[in-house]
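Below you'll find the structure, written out as structure tokens, and then a few comments.
Just so you know, residue 1 is the first one in the sequence shown, and it goes up from there. This one's a predicted model, so the numbers in the text were calculated from it and none came from an experiment.
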Amino acid sequence: MRLLAALLVWLTFAASAVAAPDQAALDRALKAGAAPVAAGPQRTERIEAELVPMSAWATPGSTAVVAVRQKIKPGWHTYWRNQGDSGGPTTLNWSLPDGVVPGDILWPLPERQRLQSLMNYGYSDVVFLPVPLQVPASAQAGQTLALRVTAHFYVCSDEMCVPEDLDLALNLPVRDGAAPLDPRYGQAIQAVLASAPRPTGIEARAVFADGQLTLTAVGGPLAGAAPKWAYFFPFEGGVIDHAAAQTGQRGPQGLTLSLTPGRGLTTNGLKPPLAGILSTDLGAWEISADQGATLPGASGEGVIGDGEATQKSVPATTTAAFLQAALFALLGGLILNLMPCVFPILAMKAAALSRSAHEPAEARRDGLAFLAGVLATFLVLAGALLALRAGGQALGWGFQLQSPGVVAALSLLMLAVALNLSGVFHVGAGLQGAGHGPLARLPGAAGAFFTGVLAVVVAAPCTAPFMAFALGAALLMPWPMALAVFLMLGLGLALPYVLISLSPRLLSRLPKPGPWMETLRNLLAFPMYGAALWLAWVYGRQTSDALALLFGAGLMLGLALWLYGRSQAAPGKGRIAAIAAVLSLIAALGLGVLAARAAPASGDAAASSSNHLQSQPWSEQAVQAALAEGRPVLVNFTADWCVTCKINEGAALSSPRTADALQAANAVYMVGDWTRRDDAITAELQRHGRSGVPLYLLYTPGQAEPRILPQLLTEGLVVDALEKAAP
């Protein structure tokens, strides 16, 4: 039976690999479909980008300036043309009308971003990257230039770096006459152009001798000036040691900087010109230093610093923020035990407690094993989530149940557990099983550990109060802190069971062992049958015409376990039954693999059900369109595998009172279905600090941000919120 259990566990986790989508292939397919690129902001969970104009229109034969506007999430940054010691620069791949020629990015002065022993050059918060576009003289007034660009960013924090690709679009009208500045961002782009470093008549020389690189610069705005600090940003990486301090002196005509050579310079020697940006407290200019003797007038009037203290640094997660997230995770895990998501697992917990109630040592062992199973599974799922997100995948908490293969495997696993509780077969005990009879549960600590695994895989994807903040914060923290927060969440989930198992007084209140235990175990099988049916329903919602395969796999699995139970009942005489059980199990596995490979459901079939209110699919564009009409918008981010979501929809989002309140407020009801993976919904959840469903947003015309409703809804709460949002 250990082999059978191993095969079932393998089916649970291996199915995720079978059904996992090839994201790269999906991206290529989407681009190959030539779907139109929407103008306006495009987002991932770490960055928002938009292609914006400096002027209201373009004039034939002129140079128009557009910019890639980046709005970078706190704690993250992008890079300059020379990224420094890690990361990579932003690159643009244009698709432009005939005759329109793009220039190079006019890079703003970067920030110095020191990360321990590394120094990077980049940008945080909001930055504009202007690009000049040469408009042909043949362009006609009245036409529109469809500008398209794929922007590739490296978006990094102090712990990880994620490549992001965003397709940006701008429809720029062509008119005659001088164009005014664009009312939104024209002035900001103009300010970037005005402050961007440019050549200004500074003469520079570079000398590489005795392991030291000396840069002198004189003339231009440096003549007669007295800078307090100066720093050199080279255009080419590897020329200098970016993290090393730059010491300098000032003179009557300029300044001298002593730089630590980089590996590229010590290996290949100086290959002039040495080009880059000379940044000072008086301004920043582009310089190009030829090789030669140091220039006169560049020293002798005092030492200058490198100004690093005036630069921004990458913010780190504070201890207070980590402790707050960990506390909220613990509270969220405790409350999760009261959420409907955990109901399918309560049967297994109750069966375990009833068996070991009057054996304190066994109860303690089982409690600690259950805790170990919960923590280990949280660690595995959280590690996989963090690793996949670091690799650029848009995933959230509960990602495992977005795979039809995993859902199918869990459905079969729940069926096997239910059959075990019903006494069809038994695990880990023979007919003389230490007085517990043939209906003994899963064996000892292994069974308790396995229960903890199931509790996390099936129940934890739904979120509880306090969990939302903790998970949202954890996904922005360095990975050691993030994993610690997830472990605190697991500790909260397991804590009630562990405390009971460690309390002999509480356990002694249960009745003495007897026939009632067998009756209770048989009764507790039915919640597990219900969980198997629920997961089969979710699988049917996720796939197209494949439910018969899962039913066939369930039938063969049931037959295999029944035959195995018959062989247990007649030791030494059940060889034929055992062989038939193995053959049936092989058939079940084959059908299960076919079910895991089933095609996804169409958009209509996968749309969220259990909503008796008239609804439309969520999209950011649809929300903005409704708000532009002056209508409030109620958004329900849900998933069919989220039991809490379904209960909220039945109790609060499908009643006649709620429907009347929506109509009275002239509100639009939208549903974001996260049953299968949807990167747009994942990004929207992250934008509101969430990593899972449910999430309920109520948008009110004239207000910038929506109101976030509680995760447990009541009819009165929804009606009251709609009344307040009404025009």
Tell me if the CD atom of Gln663 is crowded by more than 12 foreign heavy atoms within 6.0 Å. no
Pro694 and Asn648: which non-hydrogen atoms are nearest, and at how many Å? CG-ND2, 4.4 Å
Contact summary for Phe551 and Ala536, nearest pair of heavy atoms: CE2-CB, 4.2 Å
Given 3.5 Å as the limit, does a donor-acceptor pair link the side chain of Ser654 with the main chain of Glu649, or not? yes
Could you check if a side-chain atom of Leu491 sits within less than 4.5 angstrom of a side-chain atom of Leu330, using non-hydrogen atoms only? yes
Who pairs with Arg657 by salt bridge (Lys or Arg N to Asp or Glu O under 4.0 Å), at least two apart in sequence or on another chain? Glu715
Side-chain (Ser615) to main-chain (Met670) donor-acceptor, under 3.5 angstrom: no
How long is the span from the CG atom in Leu583 to the CG atom in Leu563, to the nearest 0.5 Å? 9.5 Å
Heavy-atom side-chain contact between Leu419 and Leu415 under 4.5 Å: yes
For the residue pair Leu495 and Leu334, establish whether any side-chain heavy-atom pair is separated by less than 4.5 Å. yes
Of all heavy-atom pairs linking Ala661 and Leu722, the shortest is CB-CD1, 3.8 Å
Side chain to side chain, Ile681 and Phe637, heavy atoms closer than 4.5 Å: yes
Minimum-distance pair of heavy atoms, taken over all atoms of Gly367 and Ser501: CA-OG, 3.3 Å
Could you tell me whether the side chain of Trp618 reaches within less than 4.5 Å of the side chain of Val671, counting heavy atoms only? no
With the side chain counted from C-beta on, respond yes when Phe328 and Val485 share a heavy-atom pair under 4.5 Å apart, and no when they do not. no
Below 4.5 Å, heavy atoms only, C-beta onward: do Thr638 and Val693 meet side chain to side chain? no
On a heavy-atom basis, which atom in Leu483 and which in Ala382 lie closest, and how many Å separate them? CD2-CB, 3.9 Å
When rounded to the nearest 0.5 Å, the distance separating OH of Tyr529 from OG of Ser422 is 3.0 Å
If you apply the rule side-chain contact (heavy atoms from CB on, under 4.5 Å), what do you find for Leu698 with Val633, and how did you get there? CA-CA 6 Å; Leu698 181 58; Val633 180; over 6 Å; no
So, Thr658 versus Tyr669: side-chain donor-acceptor pair below 3.5 Å or not? no
Output, in order, the C-alpha distance, side-chain angles, deciding distance and verdict of side-chain contact (heavy atoms from CB on, under 4.5 Å) for Leu493 and Val456. CA-CA 9 Å; Leu493 175 64; Val456 177; 4.2 Å; yes
Excluding sequence neighbours, so at least two apart, what forms salt bridge (Lys or Arg N to Asp or Glu O under 4.0 Å) with Asp720? Lys724
Minimum-distance pair of heavy atoms, taken over all atoms of Ala639 and Asp673: CA-OD1, 4.2 Å
Spacing of CH2 belonging to Trp537 relative to CG belonging to Leu550, to within rounding of 0.5 Å: 14.5 Å
Counting C-beta onward and ignoring hydrogens, is there a side-chain heavy-atom pair between Tyr696 and Leu653 closer than 4.5 Å? yes
How many angstroms lie between atom CZ of Arg707 and atom CG of Leu634, to the nearest 0.5 angstrom? 10.5 Å
How long is the straight-line distance from CG of Leu371 back to CZ of Phe449, given to the nearest 0.5 Å? 10.5 Å
Would you say the side chains of Tyr497 and Asp366 form a donor-acceptor pair under 3.5 Å? no
Can you tell me how far apart OG1 (Thr377) and CZ (Phe450) are? Round to the nearest 0.5 Å. 10.0 Å
